[in-house]
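All residue numbers in this chain count up from 1 along the given sequence.
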Amino acid sequence: MTGAALEFERLTELLLDAASTELRLRRLADALARTSRQVNTLERRVAPGLAEQASRVRRLLEEREREDHTRLKQLMGRRPG
């Protein structure tokens, strides 16, 4: 083989390696963009709904606690003694 042919082969191998690396980087960038969109969706749509549900549950539990406290006071008031 001539020097030019050897150099051509070397450059071809370098280009193939670079193309492979570029393809991996593009796939990684696509995955990162997809993940970023998913995180944004969670932050904008899902998180507020979950916060609202947690608030409702908290209010419901507080209401039940007040009712239980009132019931207990009534029972204690009826006790003979």
Applying side chain to side chain donor-acceptor pair (under 3.5 Å) as the test, list every pair that has at least one member in residues 60-73; sequence neighbours left out.
Asp68-Arg71

Would you mind writing out the side-chain donor-acceptor pairs for residues 12-32 within the sub-3.5 Å range, not counting sequence neighbours?
unit_1, atom_1, unit_2, atom_2, d
Thr12, OG1, Phe8, O, 2.7
Thr21, OG1, Asp17, O, 3.1
Thr21, OG1, Arg24, NH2, 3.3
Glu22, OE2, Arg26, NE, 3.1
Glu22, OE2, Arg26, NH2, 2.6

List in chain and number order the residues that pass side chain to side chain donor-acceptor pair (under 3.5 Å) with Ser55, two or more places apart in sequence or in another chain; answer none if no residue qualifies.
Arg59

Under the salt bridge (charged side-chain N to carboxylate O under 4.0 Å, His left out) rule, collect the residues that match up with Glu9, sequence neighbours excluded.
none

Determine all donor-acceptor pairs shorter than 3.5 Å in which one atom belongs to a side chain in residues 37-54; sequence neighbours excluded.
unit_1, atom_1, unit_2, atom_2, d
Asn40, ND2, Ser36, O, 3.4
Thr41, OG1, Arg37, O, 3.0

Residues sharing Val57's hydrophobic cluster, by side-chain heavy-atom contacts under 4.5 Å among ILVMFWY, directly or via others?
Leu61

